[in-house]
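Here the structure is laid out as structure tokens; the discussion comes afterwards.
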Amino acid sequence: MTILHIVRSSAFNDNKLELCLSIVTEHDSIFLIDDGVYNIAHPSLLKLLDRIEVFALTEHTNARALNIDNKKIRTADLSAFVALTDNAEKTITWQ
Amino acid sequence: MTILHIVRSSAFNDNKLELCLSIVTEHDSIFLIDDGVYNIAHPSLLKLLDRIEVFALTEHTNARALNIDNKKIRTADLSAFVALTDNAEKTITWQ
Amino acid sequence: MSSFALIVTTSPTDNKTYTALTFAQQLLADGHSIIGIFFYQDGVLNANQYVQAPSDEVNLYQAWSTFQKQSATPLHLCITAGERRGLTDSNEVAFSHNIDDHFTISGLGELVVLTCKADKVIQL
Amino acid sequence: MSSFALIVTTSPTDNKTYTALTFAQQLLADGHSIIGIFFYQDGVLNANQYVQAPSDEVNLYQAWSTFQKQSATPLHLCITAGERRGLTDSNEVAFSHNIDDHFTISGLGELVVLTCKADKVIQL
Amino acid sequence: MMSDQVKKYAIVNTSATFNKFNAKEALDAALILASYEMPVALYFIGDGVYQAQKQQNAESIGAKDFIATFKALGFYDIEDIYISADCLSQRQLATEFAFTDAKLVSKEEFAVRLNQADVILTF
Amino acid sequence: MMSDQVKKYAIVNTSATFNKFNAKEALDAALILASYEMPVALYFIGDGVYQAQKQQNAESIGAKDFIATFKALGFYDIEDIYISADCLSQRQLATEFAFTDAKLVSKEEFAVRLNQADVILTF
């Protein structure tokens, strides 16, 4: 993994996911936290799932009563998130 | 005029203009202030100009080095903005 | 000429707050009256008397304070929103009164009264 | 196990700040170290010792303070960003020290030092 | 304390449940207005529609469970609650809400209803 | 005071010039990093591209003219300045900038350049 993109806001509300997607590469991963977890239903994200690894923080999807049906979106808890930030060369936060 | 819609944010950055446009009626007017003045170049706004009266605050376009070439967008200074808020039945602020 | 109530919800580091101030000044310059400005959400931070700004910038806390002095416009602070954001009117030992004197300590009830009485309500 | 530097730019009324706190706690629980957390932009508001919250809510200012006590993690406050937002470490008459003792008064230079030293830098 | 005048208020929610503190402070304002016996209607549009979802768990992320208060809006005589159907379906959300009285409306009806208010506040 | 290590920093600007205080505080961070002799590159994407426009007048709306500092970035050895061409043209903006050294780049090149940084901070 090169860059872990941490996405913290809803793409239904602002353009941060769009900016992220404009420069994300296939070596990168995307981690959805905070209102970023709402992007599990956003068309722009969904069409990238075959190319880019996408995670959503379980604690934040649960708090927002979101269910993830799409098996291409991986769920991960806070400890898994910590491990991914540790494994990444670097992170970029979109908020 | 029924409602004066005061738009304070850039539609290139968030969805507030989109929400405004989803419910604006032909009796209403739109006033762009703050980063809302960037919307003078936004396609969603441009296509409404024949139906809805749109103003942009001169002080805020000047501060941002924006030129308004489109004659369908009316420029107004702070005093004209005050007069429009006074004439409106009510206002709604999108920020 | 109409009576206005304004609602300010943005902090002193947000340029939108300067817009609200100049709008208020213009209202008075154009002969309207302002029955009160209600500071809510992050707007309450404008009342913190310890806000500092470099000398070549407008200090919005001071600008509001000056505006109040010159125009006698009531500046109402929602104390519930304020306490969450570190503003306090307590003079007890554990606290320190940090709300500028030109602001009036109020609650959301004042929002009702102001917006109900005014001819026009503008949220800025 | 790696050393982390965190940067927090959100205020205590923004739920994203709770995310940053729990991330920091998880880092330590998982055996990593945090060489420091740098509070910048609206993040500095977390250091205001007068922030109050109802008893049924997490008071983020207190939670950071407790976190520092328990873990000895340095919490660096950018004083320039703080002064703009009403935080002050002055004890002069016109001022009132309102920065919680568990925060360290720092400048942007500390941001450089922390992010340069740490294995990993996370902005939350 | 009551004012002699009565105005109709619209509280328009455009923010997701945990976006800053907007949802909570919008609700606080609505409840106070209602306690002063002002007619108050709640509107949910944009990411605001997320607020109305059932089964959210605020306490698990350190926030107060203010969504629980939604169930009690009837006690405050807040009965006019409008949710944008377009915004809801755009976000692929369920139509079971945390309120009993919520009305799912088209954007045209949303505009008509909003226009009935004398004072409109957005959060 | 200097650290023994040197890292490459990317300051990514996504906010318009007067959106909150982001632009000013991003610039402050970049200048300090440069004064510690860290290699710093500036990136402008999304509404951040508005920051780079010529002829803005901050003082007319009560703000400090920090854009003037952009002209002095060379003194701080900040020479790598990348502006997203896509974001600029989407906003129908001029390509004359407040900097001398700005490079207009495609999103692909933006990504490649950004990947050269060790630490990425967004504002």
Side-chain angles (χ1 to χ4, degrees), chain D residues 2-14 16-17 19-20 23 27 32-48 74 76-87 104-124, chain F residues 1-43 45-48 51 58 61-66 69 73 76-78 114-123:
Chain D
S2 307
S3 68
F4 281 74
L6 304 186
I7 301 162
V8 175
T9 58
T10 52
S11 76
T13 46
D14 189 332
K16 290 209 279 285
T17 309
T19 303
F23 184 82
L27 276 175
H32 298 290
S33 63
I34 304 175
I35 63 170
I37 304 180
F38 190 79
F39 291 82
Y40 192 43
Q41 302 194 277
D42 284 353
V44 298
L45 296 166
N46 287 288
N48 188 324
H76 293 279
L77 176 82
C78 175
I79 189 64
T80 309
E83 286 178 347
R84 292 187 171 284
R85 291 167 175 87
L87 286 152
T104 306
I105 312 284
S106 297
L108 274 169
E110 193 63 38
L111 174 69
V112 187
V113 174
L114 288 178
T115 56
C116 202
K117 271 193 198 156
D119 298 329
K120 303 288 171 183
V121 177
I122 315 289
Q123 183 183 18
L124 271 182
Chain F
M1 183 173 69
M2 265 193 60
S3 185
D4 11 331
Q5 276 181 285
V6 167
K7 286 185 181 175
K8 286 189 191 165
Y9 287 80
I11 300 291
V12 181
N13 290 282
T14 71
S15 306
T17 317
F18 306 111
N19 182 356
K20 310 255 176 71
F21 216 59
N22 290 343
K24 174 71 166 67
E25 293 188 319
L27 182 61
D28 287 349
L31 296 180
I32 292 280
L33 285 161
S35 75
Y36 276 70
E37 298 184 28
M38 298 290 161
V40 182
L42 299 185
Y43 298 78
I45 189 171
D47 271 13
Q51 291 184 34
I61 52 171
K64 188 186 162 103
D65 183 17
F66 59 88
T69 311
L73 288 174
Y76 292 88
D77 289 324
I78 299 178
L114 191 59
N115 209 356
Q116 292 165 353
D118 298 309
V119 176
I120 305 172
L121 301 178
T122 58
F123 290 90

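The shown structure was predicted, so the numbers you read here are calculated from the model rather than taken from an experiment. Lettering follows sequence order; numbering is per chain, from 1.
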So, does Y40(D) use its side chain to make a donor-acceptor pair with the main chain of E25(F) at under 3.5 Å? yes

Just wondering, do L111(D) and Y9(F) contact through their side chains at under 4.5 Å, heavy atoms?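 Side chain of Y9(F) against side chain of L111(D), heavy atoms only: no contact under 4.5 Å found.
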
Side-chain heavy-atom pair K7(F), T115(D) within 4.5 angstrom cut-off: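 They are not in side-chain contact.
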
At a heavy-atom distance under 4.5 Å, which candidate from Q41(D), K120(D), R84(D) has the highest pair count against chain F?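 Ranked by contacts with chain F, first place is Q41(D).
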
Choice from T9(D), T80(D), L108(D) maximising heavy atom contacts with chain F below 4.5 Å: L108(D)

Check each atom of [X] against the heavy atoms of chain D and say whether the ones under 4.5 Å are side chain, backbone, both or neither.
| X | value |
| --- | --- |
| K24(F) | side chain |
| L31(F) | neither |
| D118(F) | neither |

Where C116(D) and M38(F) come nearest, the two heavy atoms and their spacing: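 Taking every non-hydrogen atom into account, SG-CE, 3.3 Å.
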
Take I7(D) and L121(F), measure what side chain to side chain contact (heavy atoms under 4.5 Å, CB included) needs, and give me the verdict at the end. CA-CA 9 Å; I7(D) 301 162; L121(F) 301 178; 3.4 Å; yes

